[in-house]
Amino acid sequence: MANLYGKKAKAPAFMPVDGCGIQIVDSITLAVNPTAADVINFRLPAGIYLGNLKIRSDDLDTNVTPTIVFSVGYRPADSTSSLSPSAAYFAAAGQTTAQGGGTLDCSFEPIKFEEDVYITVTVATASATFAAGDVFMIANGAAEGPK
(Lines give C-alpha, C1' and ligand atoms only; values in the text may rest on other atoms or scores of the structure.)
Protein backbone atom coordinates (compact mmCIF):
# COMPACT_ATOMS: atom_id res chain seq x y z
CA MET A 1 0.00 0.00 0.00
CA ALA A 2 1.30 3.41 -0.93
CA ASN A 3 0.03 6.84 -0.01
CA LEU A 4 0.01 9.15 -3.03
CA TYR A 5 -0.60 12.88 -2.54
CA GLY A 6 -2.25 15.54 -4.69
CA LYS A 7 -0.17 18.56 -5.69
CA LYS A 8 -1.59 20.68 -2.84
CA ALA A 9 -1.98 17.94 -0.21
CA LYS A 10 1.17 18.77 1.74
CA ALA A 11 0.51 22.52 1.84
CA PRO A 12 -2.09 23.37 4.52
CA ALA A 13 -4.51 26.02 3.33
CA PHE A 14 -6.03 28.93 5.24
CA MET A 15 -9.81 28.73 5.69
CA PRO A 16 -11.62 32.06 5.83
CA VAL A 17 -14.43 32.31 8.37
CA ASP A 18 -16.90 34.30 6.31
CA GLY A 19 -19.40 31.59 5.38
CA CYS A 20 -18.90 32.26 1.69
CA GLY A 21 -18.88 29.51 -0.89
CA ILE A 22 -15.51 27.91 -1.53
CA GLN A 23 -14.17 25.55 -4.16
CA ILE A 24 -10.99 23.54 -3.66
CA VAL A 25 -9.46 21.74 -6.63
CA ASP A 26 -6.43 19.45 -6.49
CA SER A 27 -5.00 16.84 -8.82
CA ILE A 28 -2.40 14.14 -9.20
CA THR A 29 -0.81 12.75 -12.34
CA LEU A 30 -0.47 8.98 -12.16
CA ALA A 31 2.49 7.73 -14.18
CA VAL A 32 2.45 4.16 -12.80
CA ASN A 33 -0.40 1.77 -12.14
CA PRO A 34 -1.70 2.17 -8.59
CA THR A 35 -1.95 -1.18 -6.83
CA ALA A 36 -4.69 -2.53 -4.59
CA ALA A 37 -4.86 -0.59 -1.29
CA ASP A 38 -2.98 2.43 -2.68
CA VAL A 39 -4.55 5.66 -1.43
CA ILE A 40 -4.63 9.01 -3.23
CA ASN A 41 -4.87 11.86 -0.69
CA PHE A 42 -6.29 15.34 -1.34
CA ARG A 43 -6.25 17.83 1.58
CA LEU A 44 -9.20 19.90 2.79
CA PRO A 45 -8.68 22.61 5.44
CA ALA A 46 -10.40 22.69 8.82
CA GLY A 47 -13.70 24.55 8.87
CA ILE A 48 -15.12 23.50 5.51
CA TYR A 49 -18.78 22.53 5.43
CA LEU A 50 -18.61 20.16 2.48
CA GLY A 51 -21.75 19.90 0.37
CA ASN A 52 -20.50 18.62 -2.99
CA LEU A 53 -17.57 16.43 -3.98
CA LYS A 54 -16.54 15.23 -7.42
CA ILE A 55 -13.72 12.95 -8.49
CA ARG A 56 -12.66 13.44 -12.11
CA SER A 57 -10.46 10.81 -13.70
CA ASP A 58 -8.87 10.22 -17.06
CA ASP A 59 -9.22 6.75 -18.60
CA LEU A 60 -6.67 4.85 -16.48
CA ASP A 61 -7.52 1.37 -17.78
CA THR A 62 -7.62 0.88 -21.56
CA ASN A 63 -8.22 -2.87 -21.44
CA VAL A 64 -11.28 -4.28 -23.25
CA THR A 65 -12.31 -5.59 -19.83
CA PRO A 66 -11.10 -2.85 -17.43
CA THR A 67 -10.65 -3.71 -13.77
CA ILE A 68 -9.69 -0.55 -11.85
CA VAL A 69 -12.15 0.29 -9.07
CA PHE A 70 -11.96 2.55 -6.01
CA SER A 71 -13.85 4.08 -3.08
CA VAL A 72 -13.87 7.68 -1.82
CA GLY A 73 -13.69 8.60 1.85
CA TYR A 74 -11.74 10.73 4.32
CA ARG A 75 -9.15 10.48 7.08
CA PRO A 76 -7.68 13.02 9.50
CA ALA A 77 -4.53 14.81 8.32
CA ASP A 78 -3.14 14.60 11.87
CA SER A 79 -2.24 11.01 12.74
CA THR A 80 -2.92 11.69 16.45
CA SER A 81 -6.50 12.86 15.80
CA SER A 82 -9.50 11.19 17.41
CA LEU A 83 -11.55 11.63 14.19
CA SER A 84 -12.48 8.20 12.85
CA PRO A 85 -11.60 7.70 9.18
CA SER A 86 -14.20 6.46 6.71
CA ALA A 87 -12.86 4.91 3.51
CA ALA A 88 -16.24 4.98 1.76
CA TYR A 89 -18.18 7.94 3.22
CA PHE A 90 -18.50 9.70 -0.13
CA ALA A 91 -18.61 6.70 -2.51
CA ALA A 92 -18.69 2.98 -1.79
CA ALA A 93 -16.08 0.53 -3.02
CA GLY A 94 -16.45 -0.56 -6.63
CA GLN A 95 -16.52 2.85 -8.36
CA THR A 96 -15.65 2.40 -12.06
CA THR A 97 -15.11 6.02 -13.16
CA ALA A 98 -11.41 5.47 -13.97
CA GLN A 99 -12.25 2.57 -16.31
CA GLY A 100 -13.27 4.89 -19.12
CA GLY A 101 -12.67 8.33 -17.72
CA GLY A 102 -15.32 10.68 -16.44
CA THR A 103 -16.65 12.39 -13.33
CA LEU A 104 -17.99 10.74 -10.20
CA ASP A 105 -20.50 13.02 -8.47
CA CYS A 106 -20.44 11.70 -4.90
CA SER A 107 -23.73 11.37 -3.04
CA PHE A 108 -23.49 11.99 0.72
CA GLU A 109 -24.95 13.87 3.66
CA PRO A 110 -23.11 17.22 3.92
CA ILE A 111 -20.40 17.19 6.57
CA LYS A 112 -18.32 19.80 8.41
CA PHE A 113 -14.71 19.05 9.22
CA GLU A 114 -13.35 20.77 12.34
CA GLU A 115 -9.79 19.78 11.45
CA ASP A 116 -7.73 19.27 8.31
CA VAL A 117 -8.63 16.03 6.53
CA TYR A 118 -7.55 14.12 3.48
CA ILE A 119 -10.16 13.10 0.94
CA THR A 120 -9.05 9.56 0.11
CA VAL A 121 -9.44 7.66 -3.14
CA THR A 122 -8.65 4.06 -2.22
CA VAL A 123 -7.84 1.70 -5.07
CA ALA A 124 -9.39 -1.74 -4.62
CA THR A 125 -8.24 -3.28 -7.92
CA ALA A 126 -5.44 -2.05 -10.20
CA SER A 127 -5.84 -1.39 -13.92
CA ALA A 128 -5.67 -4.38 -16.26
CA THR A 129 -3.94 -2.21 -18.89
CA PHE A 130 -2.74 0.99 -17.24
CA ALA A 131 -2.71 4.31 -19.08
CA ALA A 132 -1.12 7.32 -17.40
CA GLY A 133 -3.48 10.17 -16.56
CA ASP A 134 -4.81 12.66 -14.06
CA VAL A 135 -7.19 12.33 -11.13
CA PHE A 136 -8.86 15.50 -9.80
CA MET A 137 -10.74 16.27 -6.60
CA ILE A 138 -13.27 19.11 -6.83
CA ALA A 139 -14.78 20.05 -3.47
CA ASN A 140 -17.48 22.69 -2.94
CA GLY A 141 -18.81 23.95 0.35
CA ALA A 142 -19.01 26.85 2.76
CA ALA A 143 -16.01 28.43 4.49
CA GLU A 144 -17.34 28.37 8.06
CA GLY A 145 -14.00 27.99 9.84
CA PRO A 146 -13.29 25.60 12.70
CA LYS A 147 -14.91 26.01 16.13
Quiz prompt | Interatomic distance, L44 atom CG to I119 atom CD1 [nearest 0.5 angstrom] | solution = 4.5 Å
Practice problem: Write down the atom of F42, the atom of V135, and the distance for their closest heavy-atom approach. | Solution: CZ-O, 3.8 Å
Quiz item: Are I111 and Y74 side-chain neighbours, meaning at least one heavy-atom pair lies under 4.5 Å?
Solution: yes
Practice problem: Treat each ILVMFWY residue as a node, draw an edge where side-chain heavy atoms are under 4.5 Å apart, and state whether I48 and V25 are in one component. | Solution: no
Practice problem: Report yes if the side chains of N140 and K54 come closer than 4.5 Å at any heavy-atom pair, otherwise no. | Solution: no
Quiz item: In Å and rounded to the nearest 0.5 Å, what is the CD1 to CD1 distance from I24 to I138?
Solution: 12.5 Å
Quiz item: Distance from R56 atom CZ to L104 atom CG, nearest 0.5 Å?
Solution: 11.5 Å
Self-check item: Close side-chain approach of D116 and D78, heavy atoms under 4.5 Å
Solution: no
Quiz prompt | Modelled atom types, side-chain donor and acceptor of T120 and N41, under 3.5 Å | solution = no
Self-check item: Electrostatic pair R43:D26 at N-O distance under 4.0 angstrom
Solution: no
Quiz item: If you round to the nearest 0.5 Å, how far is CG of L60 from OG1 of T129?
Solution: 12.0 Å
Quiz item: Counting only N and O atoms by type, is there a donor-acceptor contact under 3.5 Å from the side chain of Y118 to the main-chain atoms of G73?
Solution: no
Self-check item: Minimum-distance pair of heavy atoms, taken over all atoms of A93 and A88
Solution: N-CB, 4.4 Å
Quiz item: Parallel, tilted or perpendicular: which describes the rings of F108 and Y89, with under 30° parallel and over 60° perpendicular?
Solution: tilted
Quiz item: CD1/I28 to CG/D134 distance, rounded to the nearest 0.5 angstrom?
Solution: 9.5 Å
Self-check item: Which atom of A126 lies closest to which atom of D61, heavy atoms considered
Solution: O-OD2, 4.5 Å
Quiz prompt | Flag side-chain contact, heavy atom, 4.5 Å: M137 against V121 | solution = no
Self-check item: Under 3.5 Å donor-acceptor, K112 side chain and P146 backbone
Solution: no
Exercise. Establish whether L50 and F136 are linked, either directly or via other cluster members, by ILVMFWY side-chain heavy-atom contacts under 4.5 Å.
Key: no
Practice problem: Indicate yes or no: at least one non-hydrogen side-chain atom of V39 is less than 4.5 angstrom from one of V123. | Solution: no
Exercise. Find out whether T97 and F70 are in side-chain contact, i.e. whether some heavy atom of one side chain is under 4.5 Å from a heavy atom of the other.
Key: yes
Quiz item: Listed by chain and number, what are the salt bridge (charged side-chain N to carboxylate O under 4.0 Å, His left out) partners of E115, not counting sequence neighbours?
Solution: none
Quiz item: Can you find a heavy atom in the side chain of P66 that is under 4.5 Å from one in the side chain of S127?
Solution: no
Quiz item: Could you state the interatomic distance from OG1 (T65) to CD (Q99), rounded to the nearest 0.5 Å?
Solution: 9.5 Å
Quiz item: Closest approach of A31 and A132, non-hydrogen atoms and distance?
Solution: CA-CB, 4.2 Å
Practice problem: Would you mind reporting whether P34 and F130 have side-chain heavy atoms less than 4.5 Å apart? | Solution: yes
